[in-house]
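What follows is a single structure, written as structure tokens, with notes after it.
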Amino acid sequence: MTKTELEARYTDYIACLNRQDWTSLGRYVHDDVWHNGRPLGLSGYRAMLEKDLEQIPDLRFHIERLLVDPPRVACRLRFDVTPKAVFMGLPVNGRRVSFREHAFYEFRDGRIFDVRSVIDKAAIEAQL
């Protein structure tokens, strides 16, 4: 994929997440996807996202910075959300918090194959 194609593919993936269009997730995520060094497969990846939305009903992914170097994408995602209860081991309990996630993706066959991500937990702690 070219840089332009990969950027469009990634932004379409984020739009898919924001629509919660789980039936289309396989267009963007490889059947054998890994997340932070663990093999999840597409069904496990979907379950992870569904769990996130269960904990954070107003979850929306906002691209703040995007770098594309095929076959890799690096993104800084921004979140402004109200987790229902404990989130990342922190007693958020319905309070609005803002934080960033730094995510690195490797694509294979035009789909996300490997994801490495880190959430800025310290930013959440500072707001509590």
Side-chain angles (χ1 to χ4, degrees):
M1 298 181 91
T2 68
K3 183 176 180 176
T4 302
E5 291 169 335
L6 189 54
E7 182 174 339
R9 187 87 170 145
Y10 182 76
T11 57
D12 288 348
Y13 160 72
I14 293 297
C16 176
L17 296 183
N18 285 333
R19 287 190 314 271
Q20 299 174 33
D21 183 5
W22 308 131
T23 59
S24 297
L25 191 61
R27 293 181 191 166
Y28 307 101
V29 178
H30 199 281
D31 295 337
D32 299 318
V33 67
W34 285 62
H35 181 266
N36 285 344
R38 297 178 306 140
L40 292 183
L42 180 57
S43 62
Y45 194 81
R46 176 179 171 166
M48 176 185 70
L49 292 167
E50 288 174 333
K51 181 181 177 192
D52 290 345
L53 279 158
E54 180 182 314
Q55 294 176 343
I56 311 168
D58 61 349
L59 182 62
R60 301 274 303 161
F61 296 78
H62 301 280
I63 297 172
E64 194 169 87
R65 291 189 181 167
L66 182 62
L67 299 170
V68 179
D69 185 17
R72 294 175 189 84
V73 169
C75 187
R76 178 176 162 137
L77 295 161
R78 180 179 48 82
F79 300 94
D80 184 28
V81 296
T82 50
K84 291 193 300 190
V86 174
F87 175 64
M88 295 190 66
L90 301 171
V92 179
N93 300 322
R95 286 180 277 184
R96 181 165 293 285
V97 292
S98 296
F99 60 92
R100 306 300 190 269
E101 177 181 12
H102 295 89
F104 301 88
Y105 305 83
E106 185 162 342
F107 282 69
R108 185 177 291 173
D109 303 323
R111 296 183 293 163
I112 295 167
F113 179 75
D114 188 35
V115 182
R116 303 289 174 135
S117 69
V118 177
I119 292 175
D120 186 358
K121 185 176 178 181
I124 300 168
E125 291 170 330
Q127 294 167 69
L128 301 177

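What's counted below: heavy atoms across the whole structure, side chains too, no hydrogens, waters or symmetry copies. Since we're looking at a predicted model, the values are computed, not measured.
Between Arg76 atom CZ and His102 atom NE2 the span is 4.5 Å, to the nearest 0.5 Å. Rounding to the nearest 0.5 Å places CG of Leu90 at 5.0 Å from NZ of Lys121. Atom-to-atom distance recorded for Ile56:CD1 and Lys51:NZ is 11.0 Å, nearest 0.5 angstrom. Between Met88 atom CE and Ile119 atom CD1 the span is 4.5 Å, to the nearest 0.5 Å.
Contact annotation: the side chain of Leu49 approaches that of Trp22 to within less than 4.5 Å [non-hydrogen atoms, C-beta and beyond]. In this structure, the side chains of Val97 and Thr82 stay at 4.5 Å or more apart for every pair of heavy atoms. Side-chain contact between Phe87 and Val81 is absent, with no heavy atoms from C-beta onward closer than 4.5 Å. Using a 4.5 Å heavy-atom cutoff, the side chains of Asp31 and Arg111 are in contact. No side-chain heavy atom of Leu40 sits under 4.5 Å from any side-chain heavy atom of Val115. Side-chain contact check for Ser117 versus Glu101: some heavy-atom pair is nearer than 4.5 Å. Counting only heavy atoms from C-beta outward, the side chains of Ile112 and Trp34 never approach each other to under 4.5 Å. For the pair Thr11 and Leu66, the minimum side-chain heavy-atom distance is below 4.5 Å.
Using a cutoff of 4.0 Å between basic side-chain nitrogens and carboxylate oxygens, Asp114 and Arg116 are scored as salt-bridged. Salt bridge absent: Asp80 and Arg60 never bring a charged side-chain N and a carboxylate O closer than 4.0 Å.
Surrounding CZ of Arg27 are at most 12 heavy atoms belonging to other residues, nucleotides or ligands under 6.0 Å away. Counting heavy-atom neighbours within 6.0 Å of Arg65 CZ, excluding the residue itself, gives a total of 12 or less.
Remark: the backbone N or O of Phe104 is not paired with any side-chain donor or acceptor of Arg72 at under 3.5 angstrom. Using modelled atom types, one side-chain atom of Arg9 and one backbone atom of Gly110 make a donor-acceptor pair closer than 3.5 Å.
Ring geometry for Phe99 against Phe79 counts as parallel: the plane angle stays under 30°, on a 0 to 90° scale with 60° as the upper cut.
Taking both residues in full, the closest heavy atoms of Arg46 and Thr23 are given as NH1-N, 4.5 Å, listed atom of the first, atom of the second, then distance. Smallest separation of non-hydrogen atoms from Pro83 and Val92: CD-CG1, 3.7 Å. Among all heavy-atom pairs drawn from Val68 and Lys3, the shortest one is O-CE, 3.3 Å. When all heavy atoms are compared, the tightest approach of Lys84 to Glu54 is CE-O, 2.9 Å.
Under the 4.5 Å side-chain heavy-atom criterion for grouping Ile, Leu, Val, Met, Phe, Trp and Tyr, Leu17 is not connected to Phe113 through any hydrophobic cluster. Connection of Leu25 to Leu53 is established within a shared hydrophobic cluster, with ILVMFWY side chains joined at heavy-atom distances below 4.5 Å, either directly or through further cluster members. In the hydrophobic cluster analysis, where Ile, Leu, Val, Met, Phe, Trp and Tyr join through side-chain heavy atoms closer than 4.5 angstrom, Met1 is grouped together with Val33. Taking hydrophobic clusters as Ile, Leu, Val, Met, Phe, Trp and Tyr residues chained together by side-chain heavy-atom distances below 4.5 Å, Ile63 shares a cluster with Tyr13. Using a 4.5 Å cut-off between side-chain heavy atoms of Ile, Leu, Val, Met, Phe, Trp and Tyr, with links allowed through other members, Val118 and Tyr10 fall into different hydrophobic clusters.
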Assess whether side chain to side chain contact (heavy atoms under 4.5 Å, CB included) is satisfied between Leu6 and Phe107, documenting all intermediate values.
CA-CA 9 Å; Leu6 189 54; Phe107 282 69; 3.6 Å; yes
